[in-house]
Amino acid sequence: MKIAVPKEIKNHEYRVALTPTGARELATRGHSVAVQVGAGEGAGFADTDYEAAGARLEADVDTLWGEAELILKVKEPQPEEVARLSRGQTLFTYLHLAAEEKLTRGLMESGATCIAYETVTDRQGGLPLLAPMSTVAGRMAIQAGAHSLEKAQGGSGVLLPGVPGVAPGRVTVIGGGVVGENAARMALGLGAEVSVLDKSIARLEVLDDRYQGRMKTIFSTADAIDEAVRESDLIVGAVLIPGAAAPKLITRAMLADMKPGSVLVDVAIDQGGCFETSKPTTHAEPTYVVDGIVHYCVANMPGAVARTSTQALTNATLPFAIALADKGWKRALADDAHFLPGLNVHDGQITYRAVAEAFDLESVDPARLV
Ligand SMILES: NC(=O)C1=CN([C@@H]2O[C@H](COP(=O)(O)OP(=O)(O)OC[C@H]3O[C@@H](n4cnc5c(N)ncnc54)[C@H](O)[C@@H]3O)[C@@H](O)[C@H]2O)C=CC1
Ligand SMILES: CC(=O)C(=O)O
Ligand SMILES: [Mg+2]
């Protein structure tokens, strides 16, 4: 199969969808792997590393996209990339469509088959292609939040660990999944006082057991969120309803109850964000202030630590990329009931119900297409 790996063009996105190690695995199976010149640079992989792995370098973006049967990417296609997609091509990448109607309609119009990393599932009920980046983003959320608490960033001037004689800062994490656990773990490591809210008691049990009560676990209700808003210095938004737009858990009116200069880090921003006042930001300008509250809403947090993230991402995606290349999308999805929910758009149709519901569109059961 003809595989293309473009250089990512989203603002400050330094990851690449395939490491040279991954390129070698595909090339030795007889696939033609074309990597855009410079695609791996931001993640510390030289063009010569890809050549040595059996990939071909391509400088011309039109040729790269035009010849490809399978396109491997990291971030959702940007408008100029959507314009390059055509019927018969398969795109495998993060899509987060429920947050982006224009992108959804663009992909439908392209006719291409679009498989999202974030809706592939596993036997344990997890999201194995989202988890590695959620681990990264969860860990980064506390770094970002601690920095945003500094006065020069508009923050309240609280140092999360405190110092002897001065109490530590309070961190609340809403959503105790992969992002949430990793954020809570980093906050604990810094010495902050940490609470985690989740709707899933089973998940709170896991966290309680794993951290032996060192973080408070709280069932997520409107009352619990009200209390978190009043008392926290830093709130991390880490909820997910797979494939769907994130619920808005903190409204603008509630910001008035927060301590001035407190910080909201909305990791769930890629699914639209879980705070009413969240809007996507980039690493170039990651924060803004609303009603005295600092918001950090970067939709591609892992892009900033591209070396670690690229390796973690491709470790997870490679077996699926190999299946797509070896078998074609239809048989790869038909053979694997956990890969099948990755299909979001095919030949103009939406195949993921939560995405269709977000925009009042019809969806087609992906099982009927394979
Ligand atoms: N901004 C970025 O760069 C990145 C964003 N993400 C995003 O972070 C979000 C979280 O991802 P994961 O942790 O992997 O998901 P996950 O599925 O592991 O965890 C989500 C948790 O939210 C809980 N939840 C759902 N509704 C809730 C509510 N109303 N109150 C409290 N908890 C609730 C669920 O029970 C679950 O435990 C996703 O939107 C994901 O796309 C992930 C990686 C990078
Ligand atoms: C999950 C996601 O959106 C990212 O890693 O950028
Ligand atoms: Mg995004």
Side-chain angles (χ1 to χ4, degrees), residues 8 10-17 73-76 93-100 103 116-122 124-141 144 172-185 195-207 217-225 228 235-250 265-275 278-283 286 295-306 308-310 312-314 316-317 354:
E8 293 295 317
K10 190 172 171 132
N11 182 289
H12 284 269
E13 179 54 72
Y14 300 103
R15 286 170 289 179
V16 59
K73 268 184 53 61
V74 178
K75 288 311 290 181
E76 71 280 357
T93 190
Y94 285 118
L95 289 175
H96 304 292
L97 293 183
E100 284 204 60
L103 172 62
Y117 293 156
E118 73 275 5
T119 57
V120 173
T121 59
D122 65 20
Q124 292 74 44
L127 302 167
L129 304 191
L130 183 61
M133 296 304 93
S134 291
T135 303
V136 170
R139 291 179 183 200
M140 284 180 76
T172 298
V173 181
I174 311 181
V178 181
V179 167
E181 177 175 1
N182 281 283
R185 182 179 150 173
S195 302
V196 181
L197 276 57
D198 203 294
K199 282 237 168 270
S200 159
I201 295 288
R203 195 57 204 155
L204 295 177
E205 275 170 4
V206 168
L207 296 176
T217 59
I218 298 169
F219 186 61
S220 183
T221 58
D223 273 350
I225 292 172
I235 300 181
V236 177
V239 303
L240 176 64
I241 298 158
K248 303 289 179 215
L249 300 175
I250 296 182
V265 174
D266 199 345
V267 184
I269 190 66
D270 56 356
Q271 293 292 143
C274 58
F275 311 133
S278 295
K279 56 174 201 263
T281 59
T282 66
H283 288 293
H295 292 57
Y296 175 103
C297 304
V298 176
N300 61 332
M301 294 172 71
V305 288
T308 302
S309 299
T310 293
L313 179 62
T314 61
T317 55

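Numbering of ligands and ligand atoms starts at 1, following listing order. Values in this document were obtained by computation on a predicted structure and should not be read as measured data.
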In ligand 2, which numbered atoms sit nearer than 4.0 Å to a non-hydrogen atom of [X]?
{"X": "Leu130", "result": "1 (C)"}
{"X": "Met133", "result": "5 (O)"}
{"X": "Asn300", "result": "6 (O)"}
{"X": "Pro302", "result": "5 (O)"}
{"X": "Ala299", "result": "3 (O), 6 (O)"}

Does the N or O separation between [X] and ligand 1 drop below 3.5 Å for any pair?
{"X": "Ile269", "answer": "no"}
{"X": "Ile241", "answer": "no"}
{"X": "Asp266", "answer": "no"}
{"X": "Leu130", "answer": "no"}

Does ligand 1 have any atom sitting under 4.0 Å from a heavy atom of [X]?
{"X": "Glu181", "result": "no"}
{"X": "Glu118", "result": "no"}
{"X": "Ala238", "result": "yes"}

Would you mind listing which atoms of ligand 1 come within a distance below 4.0 Å of any non-hydrogen atom of [X]?
{"X": "Gln271", "answer": "39 (O)"}
{"X": "His96", "answer": "41 (O)"}
{"X": "Val298", "answer": "1 (N), 2 (C), 3 (O)"}
{"X": "Met133", "answer": "43 (C), 44 (C)"}

Taking the side chain from [X] and the backbone from [Y], do they hold a donor-acceptor pair closer than 3.5 Å?
{"X": "Glu118", "Y": "His96", "answer": "yes"}
{"X": "Gln271", "Y": "Leu240", "answer": "no"}
{"X": "Lys75", "Y": "Ala299", "answer": "yes"}
{"X": "Thr121", "Y": "Leu127", "answer": "no"}
{"X": "Thr281", "Y": "Pro286", "answer": "yes"}

(Q) Could you measure the distance from the OG1 atom of Thr217 to the CG atom of Asp198? Nearest 0.5 Å is fine. (A) 10.0 Å

**Q.** Derivation and outcome, side chain to side chain contact (heavy atoms under 4.5 Å, CB included), residues Ile235 and Ile174
**A.** CA-CA 7 Å; Ile235 300 181; Ile174 311 181; 3.8 Å; yes

Q) Looking at Phe275, is Lys248 sitting on its ring face, NZ or CZ under 6.0 Å from the six-membered ring centre and within 45 degrees of the normal? A) no

Nearest to [atom], what protein heavy atom do you find, and at what distance?
{"atom": "atom 14 (O) of ligand 1", "answer": "Ser134 OG, 2.7 Å"}
{"atom": "atom 20 (C) of ligand 1", "answer": "Leu240 N, 3.5 Å"}
{"atom": "atom 18 (O) of ligand 1", "answer": "Val178 N, 3.0 Å"}

Mind checking whether [X] contacts ligand 1 via backbone (N, CA, C, O), side chain (CB onward), both or neither, at a 4.0 Å heavy-atom cut-off?
{"X": "Ala299", "value": "backbone"}
{"X": "Val179", "value": "both"}
{"X": "Asp270", "value": "side chain"}

Flag [X] as yes when one of its N or O atoms lies below 3.5 Å from any N or O atom of ligand 2, and as no otherwise.
{"X": "Lys75", "result": "yes"}
{"X": "Asp270", "result": "yes"}
{"X": "His96", "result": "yes"}

**Q.** Side-chain heavy atoms of Cys274 within contact of Ile250, under 4.5 Å
**A.** no

Q.
Walk me through whether Ser134 and Asn182 qualify under side chain to side chain contact (heavy atoms under 4.5 Å, CB included).
A. CA-CA 8 Å; Ser134 291; Asn182 281 283; over 6 Å; no

Q) Is the shortest distance from a heavy atom of Met301 to ligand 2 less than 4.0 Å? A) no

Q. What do you reckon, does Ser134 put a non-hydrogen atom under 4.0 Å from ligand 2?
A. no

Q.
Does only the side chain of Glu118 get under 4.0 Å from ligand 2, or the backbone, or both, or neither? Count heavy atoms.
A. neither

Q: Mind checking whether Glu8 contacts ligand 2 via backbone (N, CA, C, O), side chain (CB onward), both or neither, at a 4.0 Å heavy-atom cut-off?
A: neither

Q: Applying ring-ring contact (aromatic ring centres under 6.0 Å, His included), name anything that partners Tyr117, two or more places apart in sequence or on another chain.
A: Phe92, Tyr94

Q.
Which residue in the set Met133, Lys10, Glu76 passes side chain to side chain contact (heavy atoms under 4.5 Å, CB included) when paired with Asn300?
A. Lys10

Q: Determine the minimum heavy-atom distance between Ser309 and Pro302, stating which atoms define it.
A: OG-O, 2.9 Å

(Q) Walk me through whether Ile218 and Thr172 qualify under side chain to side chain contact (heavy atoms under 4.5 Å, CB included). (A) CA-CA 10 Å; Ile218 298 169; Thr172 298; over 6 Å; no

